[in-house]
> 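Quick one: the structure is below, questions incoming.
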Protein chains: 2
Amino acid sequence: MLLSKSCVYGLRASLYLASKKEGEFIPIKRMSDKLEISFHFLTKILQQLTAQGILESFKGPNGGVRLNRPGTDVQLMDIVLAIDGEQLLTECALGLPGCGIKNPCPLHDKWAETRDAIKAMLEHTTLTELVEKGRAENLRLTTDGGFDILFED
Amino acid sequence: MLLSKSCVYGLRASLYLASKKEGEFIPIKRMSDKLEISFHFLTKILQQLTAQGILESFKGPNGGVRLNRPGTDVQLMDIVLAIDGEQLLTECALGLPGCGIKNPCPLHDKWAETRDAIKAMLEHTTLTELVEKGRAENLRLTTDGGFDILFED
DNA sequence: TTATATTAGGATAAAAGAGTCCAAATAATC
DNA sequence: GATTATTTGGACTCTTTTATCCTAATATAA
């Protein structure tokens with residue numbers, strides 16, 4: 001499992017938000033319904049993203065959450081780092097603490113290359129990019145639905 | 001976390017075995033001491049590898065485990081599949097069941113590329129290759145020790 | 001045949017991840 | 001001011017992973 005479940009949910013929710021009108025607050029309840037994610041669990045995850053400054057929240061009626069920056073400025077990596085931390089980018093493939101160029105394990109070089117590929121992919125992909133691709137090709141963000149669920153009310 | 005802890009331990013242990021004389025049975029107790037892994041836990045993991053035909057075991061005095069094939073014929077992928085299963089290679093990055101070319105998520109294409117890189121790395125790396133590199137450069141397989149711990153008695 | 005060194009396998013415990021629930025704070029509307 | 005819709009935050013439960021322990025089976029050797 002590359003990403004934790006929390007992280008995956010966070011990514012899906014962020015994509016959902018990026019598909020919405022910029023600046024609009026979306027209630028978490030609505031997101032959890034559309035994305036088929038437990039409301040309470042999703043709430044906890046989005047609280048993390050809010051705490052990290054990736055989302056902005058607003059309480060009360062007409063409240064909800066929204067992206068704190070345009071979706072073009074949010075990389076997948078931002079979400080991953082906010083939720084799973086930098087473990088994925090720093091950890092030794094053989095689990096040895098302090099594995100690095102100075103004191104590597106036998107797998108270090110190869111793993112570093114592979115890891116860089118993962119890193120590059122996450123760093124060079126923005127939320128908006130995926131939303132546009134999803135819209136153009138009607139791809140899905142839930143088990144059943146098409147991408148259009150994002151654009152219903 | 002790309003690989004489970006069990007899988008990482010399995011890899012380290014397999015590398016240890018690959019560094020030993022071919023055909024020699026090594027007691028798990030010795031491995032757990034050298035590699036600083038809980039004996040009971042390591043035992044469970046190696047049982048899996050034995051059940052999957054990657055290792056061979058022998059009970060009683062002078063017993064232990066050994067590779068069932070030459071280390072040149074064991075890819076890292078073999079160990080990973082035996083312990084973590086094929087989840088890493090099949091799972092959708094956004095956690096959607098059945099995500100594939102026929103019914104992809106917006107991240108599918110990019111993730112498929114990245115995943116192929118991971119797959120290629122694991123498939124093209126053999127135990128022997130890493131052992132030789134480790135020996136040549138005195139790399140480590142434990143928190144503290146150098147690679148030489150593998151070659152002490 | 002008895003003692004010893006090992007793996008096999010089941011039961012259990014501890015820790016981490018995933019998921020649920022409830023009360024409190026806040027903001028809008030009636 | 002009261003009601004309602006929302007996020008916040010803490011407590012709790014469930015499940016999976018990680019780790020430990022104990023007994024049985026097996027093989028060697030004295």
Side-chain angles (χ1 to χ4, degrees), chain A residues 1-13 17 20 24-68 80 82-85 87-88 91 94-95, chain B residues 1-13 17 20 24-68 80 82-85 87-88 91 94-95:
Chain A
M1 198 193 14
L2 190 76
L3 306 174
S4 72
K5 229 163 173 187
S6 294
C7 189
V8 164
Y9 289 163
L11 284 171
R12 299 234 305 270
L17 288 174
K20 294 298 171 190
E24 188 184 6
F25 283 105
I26 310 287
I28 300 176
K29 185 70 177 65
R30 178 129 63 90
M31 303 177 68
S32 71
D33 284 348
K34 296 281 185 184
L35 298 174
E36 299 166 323
I37 299 172
S38 144
F39 167 69
H40 291 290
F41 193 35
L42 184 58
T43 292
K44 287 266 176 289
I45 295 163
L46 298 188
Q47 272 172 25
Q48 291 183 65
L49 292 180
T50 303
Q52 303 272 334
I54 293 175
L55 303 184
E56 200 176 353
S57 70
F58 195 77
K59 288 179 189 172
N62 311 322
V65 296
R66 67 182 182 195
L67 291 176
N68 206 10
V80 171
I83 297 178
D84 280 351
Q87 215 188 354
L88 181 65
E91 217 178 32
L94 295 182
Chain B
M1 198 190 18
L2 191 76
L3 306 174
S4 72
K5 227 165 172 185
S6 294
C7 188
V8 164
Y9 290 162
L11 284 170
R12 299 233 306 268
L17 288 175
K20 294 300 172 190
E24 187 183 6
F25 283 105
I26 310 287
I28 300 177
K29 185 72 179 66
R30 178 129 62 91
M31 303 178 67
S32 72
D33 284 348
K34 295 282 184 185
L35 298 174
E36 299 165 324
I37 298 173
S38 143
F39 166 69
H40 291 290
F41 193 36
L42 184 59
T43 293
K44 289 264 177 288
I45 295 164
L46 298 188
Q47 273 171 24
Q48 291 182 65
L49 292 180
T50 303
Q52 303 272 334
I54 293 175
L55 303 184
E56 200 176 354
S57 71
F58 195 78
K59 288 177 186 173
N62 311 323
V65 296
R66 68 181 180 196
L67 291 176
N68 205 10
V80 171
I83 297 178
D84 280 351
Q87 216 189 353
L88 181 66
E91 217 177 33
L94 294 183

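Just so it is clear, the values below take in all heavy atoms, side chains as well, and ignore hydrogens, waters and symmetry mates. Chain A is the first sequence line, chain B the second, and so forth, proteins listed ahead of strands; every chain is numbered from 1.
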> Go through the steps to decide whether Lys20(B) and Arg66(B) satisfy the test side chain to side chain contact (heavy atoms under 4.5 Å, CB included), and finish with yes or no.
CA-CA 9 Å; Lys20(B) 294 300 172 190; Arg66(B) 68 181 180 196; over 6 Å; no

> Take the protein atom CZ of Phe41(B) and the nucleotide atom C1' of dA16(C), then report the distance between them rounded to whole Å.
13 Å

> Roughly how many Å is it from CZ in Phe39(B) to P in dA5(C), rounded to a whole number?
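It is 13 Å, rounded to the nearest whole Å.
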
> If you find the nucleotide of DNA chain C closest to Thr43(B) and the one closest to Leu42(A), which residue's nucleotide is nearer the 5' end?
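The residue mapped nearer the 5' terminus is Thr43(B).
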
> In whole angstrom, what separates Phe58(B)'s CZ from dT4(C)'s C1'?
15 Å

> Ignoring backbone atoms, establish whether Ser38(B) has a side-chain N or O less than 4.0 Å from OP1 or OP2 of dT20(D).
yes

> Mind calculating the distance between CG (Leu3(A)) and P (dA18(C)) to the nearest angstrom?
11 Å

> What are the two closest non-hydrogen atoms of Leu42(A) and Ala13(A), and how far apart are they?
CD1-CB, 4.0 Å

> Expressed in angstrom and rounded to an integer, what is the separation of Glu56(B) atom CD from dT26(D) atom C1'?
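One finds 15 Å between C1' of dT26(D) and CD of Glu56(B), rounded.
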
> Do any side-chain nitrogens or oxygens of Ser6(B) fall under 4.0 Å of OP1 or OP2 in dT17(D)?
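So the side chain of Ser6(B) is outside the cut-off, no N or O lying under 4.0 Å from OP1 or OP2 of dT17(D).
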
> Testing the basics here: between Val8(B) and Leu94(A), what is the closest heavy-atom pair and its distance to 0.1 Å?
CG1-O, 3.0 Å

> Nearest-Å distance, CG (Leu46(A)) to P (dT6(D))?
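The distance from CG of Leu46(A) to P of dT6(D) comes to 15 Å, rounded to the nearest Å.
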
> How many Å lie between CD1 on Ile83(B) and P on dT17(D), as a whole number?
13 Å

> Quick one: the side chain of Lys44(A) and the base of dG10(D), do they pair up donor-acceptor inside 3.5 Å?
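Looking at the base of dG10(D), it does pair with a donor or acceptor on the side chain of Lys44(A) (distance under 3.5 Å).
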
> Which is more 5' along DNA chain C, the nucleotide nearest Gln47(B) or the one nearest Tyr9(A)? Just name the residue.
Gln47(B)

> Check every strand shown and say whether Ile28(A) touches a base, only sugar-phosphate, or nothing at a heavy-atom separation below 4.0 Å.
sugar-phosphate

> When you measure from the side chain of Asp84(A) to the backbone N and O of Ser4(A), does any donor-acceptor pair fall under 3.5 Å?
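The answer is yes, because a donor-acceptor pair under 3.5 Å joins these two groups.
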
> In terms of the nearest nucleotide of DNA chain D, which residue is placed more toward the 5' end: Asn62(A) or His40(A)?
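The 5'-side residue here is Asn62(A).
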
> Establish, with yes or no, whether the OP1 or OP2 oxygen of dT7(C) is under 4.0 angstrom from a side-chain nitrogen or oxygen of Thr50(B).
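Result: no.
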
> Nearest to the side chain of Lys59(A) - dT26(C), dA18(C), dT4(D)?
dT26(C)

> Run the numbers on Leu17(B) and Met31(B) for side chain to side chain contact (heavy atoms under 4.5 Å, CB included), then give the verdict.
CA-CA 9 Å; Leu17(B) 288 175; Met31(B) 303 178 67; 3.7 Å; yes

> Quick one: Lys29(B) NZ to dA8(C) C1', roughly how many Å, whole number?
18 Å

